[in-house]
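What follows is a short report on a single structure.
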Amino acid sequence: MLRLASLALFLVIWLVGTFALGERKLPGPPAVAATIVAEARSGALFANVGITLVRVVLAFVLAMAIGSALGLLMGRNRVADRLGDPWLVVLLNLPALVIIVLAYVWLGLTEVAAVAAVAVNKLPNTIVTVREGARALDRGLDEMGRVFAFSRWKKLRHIVLPQLAPYLAAAMRLGVSLIWKIVLVVELIGRPNGVGFEIGTAFQLFDMPRILAYSCTFVLIMLAIETLLVQPLERRASRWRLRTA
Amino acid sequence: MLRLASLALFLVIWLVGTFALGERKLPGPPAVAATIVAEARSGALFANVGITLVRVVLAFVLAMAIGSALGLLMGRNRVADRLGDPWLVVLLNLPALVIIVLAYVWLGLTEVAAVAAVAVNKLPNTIVTVREGARALDRGLDEMGRVFAFSRWKKLRHIVLPQLAPYLAAAMRLGVSLIWKIVLVVELIGRPNGVGFEIGTAFQLFDMPRILAYSCTFVLIMLAIETLLVQPLERRASRWRLRTA
Amino acid sequence: QAADTIRLAILKTGTFAWELAVMRAHGLDQAAGLDIQSTELATPEAVEVALNAGAADVIVSDWLWVSRARQLGDKLVFYPYSSALGAVMVPQDSSIRTLADLKGKKLAVAGGPLDKSWLLLRGAAKLEGLDLASQASIAYGAPALLAEKTLQGEMDATLNFWNFCAALEAKGMRRLVGIDDLLPKLGIKGRPALLGYIFREDWAQAHPRLVDRFIEATRQAKERLASSDEEWQRVAPLLGANDPATLAIFRTRYRQGIPRRPIAQEEEDAQALFSILANLGGKALVGDATELAPGTFYKPAS
Amino acid sequence: MNDALRAGVSARLELHIAAKQYVAASGARHEVLREIVLSLGEGEVAAILGPSGCGKTTLLRIVAGLDTDFDGSVTLAGKGRSHPPKMGMVFQEPRLLPWRTVEQNLLLAAPGASAAAIDRLLADFGLSSHARHFPGELSLGLARRVALARAFAVEPDILLLDEPFASLDARLAGSLRHELAKLVSRNRATTLLVTHDVDDATELADRIFLLSQRPARIIGIVPIETPRSLRSPERLAAIGRDVIARGVGPER
Amino acid sequence: MNDALRAGVSARLELHIAAKQYVAASGARHEVLREIVLSLGEGEVAAILGPSGCGKTTLLRIVAGLDTDFDGSVTLAGKGRSHPPKMGMVFQEPRLLPWRTVEQNLLLAAPGASAAAIDRLLADFGLSSHARHFPGELSLGLARRVALARAFAVEPDILLLDEPFASLDARLAGSLRHELAKLVSRNRATTLLVTHDVDDATELADRIFLLSQRPARIIGIVPIETPRSLRSPERLAAIGRDVIARGVGPER
Ligand SMILES: Nc1ncnc2c1ncn2[C@@H]1O[C@H](COP(=O)(O)OP(=O)(O)OP(=O)(O)O)[C@@H](O)[C@H]1O
Ligand SMILES: Nc1ncnc2c1ncn2[C@@H]1O[C@H](COP(=O)(O)OP(=O)(O)OP(=O)(O)O)[C@@H](O)[C@H]1O
Ligand SMILES: [Mg+2]
Ligand SMILES: [Mg+2]
């Protein structure tokens with residue numbers, strides 16, 4: 001309920017802002033909604049959002065899987081940490097544009113290049129977050145697992161992952177949002193479809209309602225995923241934490 | 001030592017890559033270094049890197065300060081969390097471009113707009129990370145602080161911040177890198193100087209050595225900051241953690 | 001009498017930057033009593049943001065953009081700046097000889113599906129019974145990246161902006177067809193200037209003499225660029241090349257793009273072109289408009 | 001002596017817990033405390049004995065104000081008119097700040113304590129050589145001693161102790177019991193001592209409260225009138241037998 | 001009985017620690033253990049008594065293979081030829097997985113245990129009503145019982161216990177001591193029992209090792225030849241006095 005109220009407040013503020021600044025500087029919710037409907041009618045919305053979501057999901061899964069594994073390794077093993085650290089800094093601080101352009105130049109203007117570029121952009125972020133989590137792992141529980149001869153998998157699942165959960169949660173939330181930001185650039189520079197491509201085209205025409213229409217659609221999707229999927233899961237996973245008074 | 005070796009390996013792989021792919025597809029370290037020297041000689045390098053760093057630092061400080069405070073609040077207070085959450089999702093998933101364009105259109109093509117746009121882009125990420133940290137705070141230590149009548153500030157400094165340290169470390173590392181990525185877009189879209197502007201210009205001319213020259217300069221600066229500032233600090237701050245065998 | 005200030009936002013790598021460099025080198029701005037303050041930006045969109053954000057008085061863009069803004073209540077006006085249009089470039093030894101040969105080939109299109117040159121190319125191809133959008137494999141992308149990709153041979157052909165085409169030409173690629181060559185087929189008589197100086201109507205009304213002086217100064221700069229190799233040496237760093245052959249190609253293409261026709265004629269062609277483009281680009285391009293918004297073209301007082 | 005002082009002094013701690021329930025993660029509720037009434041005067045020491053898991057820690061948390069979700073009321077009065085009273089507490093686990101040294105942990109809790117006082121305290125607790133260690137470098141017994149020293153360092157008006165001498169060897173426990181008695185008489189600290197050790201209770205308490213299984217009720221109050229300093233081993237043994245007879249002792 | 005069985009059975013635990021040092025965060029080194037030699041046969045119970053902070057936990061950690069940074073050697077042999085031996089350990093803190101229920105904690109450590117066995121164990125430890133609770137919902141005493149039950153659940157060949165009965169009331173401690181004795185004779189588990197309680201040691205151990213202050217050396221070995229089941233209260237009291245006389249008891 002509070003969340004809904006808060007969202008409603010957001011819409012109200014937006015409306016007021018439109019009133020104050022004018023439709024040209026800030027298209028209002030009705031104009032944006034109308035554009036969404038029009039784009040949906042023409043089918044373009046679904047096609048673009050769909051293809052972008054596919055790219056987001058692929059890159060997300062890739063970056064989270066590889067990044068978590070590397071982050072865990074680097075957080076627990078000093079040598080791996082020292083070895084990987086400079087690469088991490090390099091990857092972290094290379095402009096997205098550079099990675100994207102290099103990916104396109106090497107792999108061609110292909111889907112593979114696009115997804116790879118996005119995943120590589122997100123990868124270091126996952127590593128950094130998970131690495132911090134791995135560094136903060138409880139030694140006592142680890143020892144418990146060793147004494148009771150926990151298998152590798154059992155240790156990972158019952159000892160390590162629950163402790164990494166908050167870090168993974170942060171990495172995933174940030175992950176989706178970062179990936180989405182970068183997919184837009186990737187599509188802008190070298191893909192013939194997708195939300196980023198549409199926003200880029202709209203931007204050339206300075207068609208603000210259309211820019212906002214596509215942005216809002218994605219935001220709405222993410223809001224829905226948060227509300228219906230992520231938060232219930234999160235509540236389940238942290239049931240053991242005592243409610244603070 | 002390991003870090004240096006690893007960095008050297010990186011350079012070697014880069015060189016080999018250049019050999020294999022050709023200077024056109026991947027300008028080699030010598031070409032890039034030469035460009036860096038040339039840009040430095042002309043003074044352009046220092047001017048551009050300098051102004052970009054100023055923007056990065058300003059936006060970083062803003063986003064970290066406000067984001068940490070909000071993240072802490074949302075992590076500890078259910079009502080604040082419920083209220084803030086939808087806004088967070090919106091902010092997190094609005095394309096960087098939208099925030100940047102709106103900032104420029106509302107605040108004019110000014111330094112203030114540029115820094116604000118960057119800070120607003122980074123803000124939700126800090127909140128998300130710190131919020132996870134705040135949720136995982138140890139209740140026992142909190143109670144200890146209450147019983148022994150710790151002041152607000154003492155609690156923050158001696159109980160809360162040390163527990164948030166790994167989350168803040170992650171937020172800061174990711175922060176710098178995200179901010180830097182967004183500063184580039186901000187400069188691309190509305191600033192007449194800075195590294196992003198230079199890279200954008202170089203991209204228009206497909207001048208890869210220059211793109212890499214500016215990227216590498218920033219990466220080198222970040223490597224230096226990591227090695228000389230962040231890691232020694234981090235080592236100091238986590239002295240209390242037992243070295244794992 | 002103090003010079004009047006005029007704020008420009010220009011694309012650092014764009015042709016307007018060349019003109020400005022020449023203007024400054026010869027003091028044409030001072031002679032016209034102008035104090036030109038220019039902000040160099042990195043992308044075309046950035047320039048548009050600058051005008052929208054009120055950070056510039058004059059920018060360069062196309063009249064479609066102006067027409068659309070007027071439609072939405074933003075009173076901008078347009079004065080012709082360049083009629084240079086893109087071209088389709090292919091490798092020297094390519095088997096592609098005519099538009100029809102593009103069928104089934106990989107064509108890289110700079111600027112996206114709503115790019116004017118692209119729409120016109122599609123229109124022309126359609127007259128020959130070829131639907132490029134579906135019968136060729138199209139790659140949209142950033143102009144620089146596509147130019148590079150075509151050089152590498154990953155693309156069979158590219159439709160690109162004229163300055164990129166000039167660069168490709170200098171690197172030995174062949175010009176399959178210029179978009180301006182296609183215009184007669186589409187029923188356009190002259191070479192209309194799509195690009196122009198854009199400024200606010202009220203600003204122009206408040207400074208009528210200023211705008212005219214500015215236009216005159218830029219015209220002089222254009223003439224110098226068109227007529228002198230020396231000037232090209234001056235702007236060489238701005239276009240990222242300095243060998244005489246490349247500069248010569250740039251000069252030729254640039255000279256062809258200087259608009260020299262009366263405004264009325266430009267406006268007439270623009271109106272005709274508008275309906276062609278509206279036809280091809282649809283709502284996404286022109287919004288709800290059916291014709292060029294009245295008042296789009298700026299008419300100098302003199 | 002204790003008696004004499006207690007007379008005429010207003011109560012320092014008034015506790016009335018009508019009921020205290022917990023809601024488990026599964027949603028189930030269970031009652032932990034029922035009808036606990038307790039009133040302690042200045043300088044009085046109450047020992048609380050009860051079976052494991054009956055609700056002793058819960059009781060202390062309520063007194064400390066850490067748990068306000070119960071039916072009833074707690075009133076604490078400070079020394080003289082000072083309000084709120086200074087509180088010292090030993091939790092059942094050490095609860096030290098892992099990122100601060102032993103010395104810093106004490107100083108943070110007791111910012112008013114002089115360096116000399118801290119040094120003396122550390123010496124009394126056999127911690128002198130550990131002043132600069134981090135809690136992670138201590139054995140559990142050492143850590144518990146630090147926690148006890150921390151509660152002492154604040155010179156509390158109210159002292160809440162949850163098994164303060166667990167995990168200590170008998171000799172050390174005896175010596176710290178002695179320190180506790182000294183502190184209580186010096187500061188006239190009102191003290192609640194939770195323990196499983198009948199010796200702790202008989203040596204230190206003015207009254208012993210015996211709790212039942214969960215939900216804990218008070219099933220017996222054993223007052224010890226003899227002042228602490230005058231209690232003979234025989235007297236203590238007798239009281240201990242009494243306590244054990246009432247059902248919380250070591251025999252089955 | 002124990003003796004008879006011990007004879008002719010190859011040693012199950014051979015420990016020789018020449019020296020064990022810790023390096024503190026400050027960089028300082030200090031020695032914790034010196035010349036500890038210890039050899040236990042199958043089913044033998046050794047109690048380890050020593051002052052707080054002397055190095056008992058460190059010793060257990062070395063035996064468990066959790067700390068390999070010492071001079072010396074440990075050899076563990078499994079039952080019959082089974083290698084490595086199944087190990088059960090009670091740490092000084094409960095070390096339960098906070099995100100798993102009591103039942104899950106047991107099952108994870110002892111995946112082979114049947115549901116019935118787990119239920120019986122929980123009942124024996126008075127934990128039946130807590131099977132579905134998370135560790136955060138337990139009192140410390142309950143949590144320690146779960147930790148003990150976990151060590152029992154694996155039916156270990158080697159049992160390492162670090163103050164298993166701390167924080168429990170005397171009655172419960174007595175009953176669990178009994179359970180431990182049963183387990184040891186049933187499984188013939190070789191057991192190292194660290195405790196501060198002389199009663200624990202005298203009731204359960206076959207040999208009592210007395211450790212000195214840090215760096216800990218063995219300053220005495222008290223063998224108890226009488227089988228556990230036959231020890232009379234008088235005999236125990238006598239041994240207890242002996243142990244106390246050797247310098248680790250409650251008197252100063
Ligand atoms: N990681 C460590 N780094 C440095 N010193 C340590 C570390 N762990 C333990 N010590 C020190 O080693 C000594 C022995 O510790 P240990 O935990 O073995 O004691 P213990 O005999 O189990 O004590 P207790 O009865 O209090 O549990 C202590 O003085 C402790 O401070
Ligand atoms: N947060 C909680 N949620 C649910 N139940 C709880 C919670 N905290 C404690 N309990 C339950 O309340 C009861 C009393 O707990 P408490 O910690 O007060 O016991 P205790 O008397 O201190 O026991 P011990 O001697 O073992 O320390 C226990 O049965 C415990 O399981
Ligand atoms: Mg308790
Ligand atoms: Mg120990």
Side-chain angles (χ1 to χ4, degrees), chain A residues 2-3 5-7 10 21 25-26 76 79 82-87 89-90 92-98 101-102 105-106 124-125 128-129 131-133 135-136 139 142 166-167 169-170 173-174 176-178 180-181 184-185 196 199 203 208 211-212 215 218-219 222-223 226 238 241-242 244, chain B residues 2-3 5-7 10 21 25-26 76 79 82-87 89-90 92-98 101-102 105-106 124-125 128-129 131-133 135-136 139 166-167 169-170 173-174 176-178 180-181 184-185 196 199-200 203 208 211-212 215 218-219 222-223 226 238 241-242 244:
Chain A
L2 271 179
R3 294 184 81 223
S6 169
L7 204 58
F10 179 81
L21 295 168
K25 283 199 163 182
L26 179 63
R76 304 194 74 172
V79 173
R82 304 264 86 191
L83 281 178
D85 192 66
W87 294 62
V89 177
V90 169
L92 210 47
N93 293 298
L94 265 189
L97 186 69
V98 171
V101 169
L102 289 180
V105 169
W106 298 344
N125 296 39
V128 163
T129 313
R131 181 175 67 172
E132 288 298 337
R135 283 177 181 164
R139 205 170 125 198
D142 187 62
Y167 294 88
R173 280 228 173 73
L174 299 186
V176 173
S177 93
L178 179 68
W180 153 242
K181 282 179 190 182
L184 297 195
V185 182
I199 289 184
F203 186 37
M208 285 298 285
I211 294 180
L212 287 181
S215 307
F218 188 83
V219 169
M222 289 317 299
L223 268 175
E226 266 282 324
S238 62
R241 280 193 200 164
L242 298 179
T244 17
Chain B
L2 270 179
R3 296 185 80 223
S6 169
L7 205 58
F10 178 82
L21 295 168
K25 281 198 167 185
L26 179 62
R76 304 195 74 171
V79 174
R82 303 266 87 189
L83 282 178
D85 192 66
W87 294 63
V89 177
V90 169
L92 211 48
N93 294 299
L94 264 189
L97 187 70
V98 171
V101 171
L102 289 180
V105 170
W106 297 345
N125 296 40
V128 163
T129 314
R131 181 176 66 171
E132 288 299 337
R135 283 177 180 164
R139 207 171 125 196
Y167 294 88
R173 279 227 173 73
L174 299 187
V176 173
S177 92
L178 179 68
W180 152 244
K181 283 178 190 182
L184 296 195
V185 182
I199 290 183
F203 181 54
M208 284 297 284
I211 294 181
L212 287 180
S215 306
F218 188 83
V219 169
M222 289 316 299
L223 267 175
E226 266 282 325
S238 61
R241 281 193 199 163
L242 299 178
T244 17

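Convention: sequence-line order gives letters A, B, ...; per-chain numbering from 1.
Looking at heavy atoms from C-beta onward, A:R241 lies in side-chain contact with B:R135 at the 4.5 angstrom threshold. Residues A:M208 and B:V105 have side chains not in contact (no heavy-atom distance under 4.5 Å, counting atoms from C-beta outward).
Contact tally against chain A (heavy-atom pairs below 4.5 Å) for B:L184, B:V90, B:T129: the top residue is B:V90. Taking chain A as the reference chain and counting heavy-atom pairs below 4.5 Å, the highest number among B:Y167, B:F203, B:W106 is found for B:Y167. In terms of non-hydrogen atom pairs under 4.5 Å with chain A, the most contact-rich of B:V185, B:N125, B:I199 is B:N125. With chain B as the partner, the residue from A:V79, A:D142, A:D85 showing the most heavy-atom pairs under 4.5 Å is A:D85. For the options A:A96, A:P124, A:P166, A:A5, heavy-atom pairs under 4.5 Å to chain B are most numerous at A:P166. Options B:L178, B:L212, B:V98, B:V128 differ in how many heavy-atom pairs under 4.5 Å they form with chain A, and the most are formed by B:V128.
Only the side chain of A:F218 has a heavy atom closer than 4.5 Å to any heavy atom of chain B. In this structure, the portion of B:K181 lying under 4.5 Å from any heavy atom of chain A is its side chain and not its backbone. Interface remark: B:L83 contributes backbone and side-chain atoms alike to the contact with chain A (heavy atom separation under 4.5 Å).
In this structure, the separation between CH2 on A:W180 and CG on B:N93 is 8.0 Å, given to the nearest 0.5 Å. Atoms CG and CZ, on A:L92 and B:R173 in that order, are 8.5 Å from each other to the nearest 0.5 Å. Atom CG of A:L97 is separated from atom CD1 of B:I211 by 6.0 Å, given to the nearest 0.5 angstrom.
Taking all atoms of both residues into account, the shortest heavy-atom contact from B:L94 to A:S215 is CD2-CB, 4.0 Å.
The backbone N or O of B:S6 lies less than 3.5 Å from a partner atom in the side chain of A:W87, making a donor-acceptor pair. Side-chain atoms of A:R3 never come within 3.5 Å of backbone atoms of B:G84 as a donor-acceptor pair (strictly under, hydrogens ignored).
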